[in-house]
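These notes are about the structure you will find just below.
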Amino acid sequence: MDARKVVVTLVCATADAEALDDVVDGLSASGREVGLVLGIDEQPRRVAEALERMGPAGLLVVCTGPRLDSANMRKIEGMFSARRGPNHALIRVDVGLPTGEMIAAIQRALDAFVANQGRVRRESTSDPKREKIVGVPKSLALPVVRL
């Protein structure tokens with residue numbers, strides 16, 4: 001997979017948009033196509049819009065912070081799981097990190113994604129709380145990307 005063909009799309013709460021301007025600029029400076037979708041805290045279904053913008057290969061970066069609670073994250077992850085393509089991956093990055101650290105974390109995830117030809121490492125969940133809350137059986141494999 002060619003790294004230049006992988007579109008990076010950041011999704012965040014509307015109030016966090018200003019904090020991500022430098023991150024978008026830093027990622028774009030290397031010639032990478034970068035998108036930003038705002039309002040994910042108010043409309044988690046905008047994940048579908050982000051996936052459409054990415055095309056066949058993309059890395060969705062959920063910029064987490066105090067404005068994205070766990071209920072929103074479950075909706076975002078559920079929407080991603082339902083609509084993702086075979087060459088799509090999702091990672092989380094804390095919006096409170098310094099710009100350089102955010103860019104480095106995204107770049108590491110992107111490098112790993114490209115090196116593995118879009119395959120995502122999957123781990124089975126054994127969290128009983130998750131099983132009770134969303135009815136996920138323990139044997140279900142979920143995409144996991146750790147930074």
Side-chain angles (χ1 to χ4, degrees), residues 1-13 16-41 44-127 129-131 133-134 136-147:
M1 176 183 300
D2 184 2
R4 292 179 301 246
K5 293 182 181 179
V6 178
V7 177
V8 176
T9 303
L10 286 76
V11 296
C12 67
D16 293 331
E18 190 174 310
L20 297 174
D21 287 341
D22 291 337
V23 174
V24 171
D25 291 343
L27 291 169
S28 297
S30 63
R32 176 157 322 287
E33 185 178 343
V34 180
L36 179 63
V37 176
L38 307 174
I40 205 81
D41 55 329
R45 67 180 178 272
R46 297 201 70 200
V47 168
E49 176 187 330
L51 288 170
E52 287 176 26
R53 292 171 114 183
M54 286 193 296
L59 181 67
L60 185 70
V61 180
V62 180
C63 301
T64 61
R67 294 172 185 91
L68 283 178
D69 62 11
S70 60
N72 279 342
M73 283 307 302
R74 281 193 303 275
K75 290 177 188 174
I76 291 166
E77 289 171 345
M79 184 72 73
F80 175 79
S81 292
R83 297 188 180 232
R84 67 177 279 202
N87 291 318
H88 290 146
L90 177 146
I91 63 166
R92 295 181 187 188
V93 176
D94 186 347
V95 76
L97 290 173
T99 301
E101 287 183 37
M102 286 183 72
I103 292 171
I106 293 167
Q107 189 60 51
R108 281 192 309 272
L110 185 60
D111 291 344
F113 180 70
V114 171
N116 290 305
Q117 296 295 312
R119 289 185 299 272
V120 178
R121 179 176 165 227
R122 297 180 186 269
E123 292 181 358
S124 63
T125 181
S126 60
D127 184 358
K129 285 191 250 176
R130 182 174 178 94
E131 187 174 356
I133 294 171
V134 292
V136 176
K138 289 181 183 175
S139 62
L140 180 68
L142 299 172
V144 175
V145 178
R146 299 189 192 280
L147 299 177

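Quick caveat, the model's predicted, so the values are computed rather than measured.
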Check: Are any side-chain N or O atoms of Ser30 and backbone N or O atoms of Leu27, one a donor and one an acceptor, separated by less than 3.5 Å?
Finding: yes

Next item on the list: Could you tell me the separation between the OG1 atom of Thr9 and the CZ atom of Arg46, rounded to the nearest 0.5 Å?
Entry: 12.0 Å

Note to self: Contact between Asn87 and Pro56 at the side-chain level, heavy atoms closer than 4.5 Å - yes or no?
What the structure shows: no

Check: Counting heavy atoms not belonging to Glu33, are there more than 12 under 6.0 Å from its CD?
Finding: no

Next item on the list: With rounding to the nearest 0.5 Å, note down the distance linking CG in Leu38 to SG in Cys63.
Entry: 10.0 Å

Next item on the list: Identify the two heavy atoms, one from Ile106 and one from Leu59, that lie closest to each other, and give their separation to 0.1 Å.
Entry: O-CD2, 4.1 Å

Next item on the list: For residues Val61 and Val23, determine if any side-chain heavy atom of one lies less than 4.5 Å from a side-chain heavy atom of the other.
Entry: no

Item checked: Spacing of CZ belonging to Arg84 relative to CG belonging to Leu90, to within rounding of 0.5 Å -> 9.0 Å

Next item on the list: Start with the C-alpha gap between Ile76 and Leu68, add the side-chain angles, then the distance that decides, and say whether side chain to side chain contact (heavy atoms under 4.5 Å, CB included) holds.
Entry: CA-CA 10 Å; Ile76 291 166; Leu68 283 178; 4.2 Å; yes

Note to self: Side chains of Arg45 and Arg83, heavy atoms from C-beta outward: is any pair under 4.5 Å?
What the structure shows: no

Note to self: Can you give me the closest heavy-atom contact between Gly65 and Val95, atom names plus distance?
What the structure shows: CA-CG1, 4.1 Å

Next item on the list: Give a yes or no on whether a salt bridge exists between Glu77 and Arg92, defined as a side-chain N under 4.0 angstrom from a carboxylate O.
Entry: yes

Checklist line | Separation of Ile40 CD1 from Leu60 CG (nearest 0.5 Å) | finding: 7.5 Å

Next item on the list: Indicate yes or no for a side-chain donor-acceptor contact from Arg53 to the backbone of Leu36 under 3.5 Å, with no hydrogens or angles considered.
Entry: yes

Notebook entry, point to check: CG of Asp22 to CE of Met102: how many Å apart, nearest 0.5 Å?
Noted result: 10.5 Å

Margin query: If I compare all heavy atoms of Arg67 with all of Asp41, which pair ends up nearest, and what's the gap?
Written below: O-CB, 3.6 Å

Next item on the list: Please tell me if the side chains of Met79 and Leu51 come closer than 4.5 Å, counting only heavy atoms from C-beta onward.
Entry: no

Note to self: Donor-acceptor check, side chain of His88 to backbone of Gly55, threshold 3.5 angstrom: yes or no?
What the structure shows: yes

Margin query: Rounded at 0.5 Å granularity, tell me how far OG1 in Thr64 sits from CG in Asp69.
Written below: 12.0 Å

Notebook entry, point to check: What is the minimum heavy-atom distance between Phe80 and Ala89, and which atoms define it?
Noted result: CZ-C, 3.5 Å

Next item on the list: Spell out, as yes or no, whether a donor-acceptor pair under 3.5 Å connects the side chain of Asn116 to the backbone of Ala112.
Entry: yes

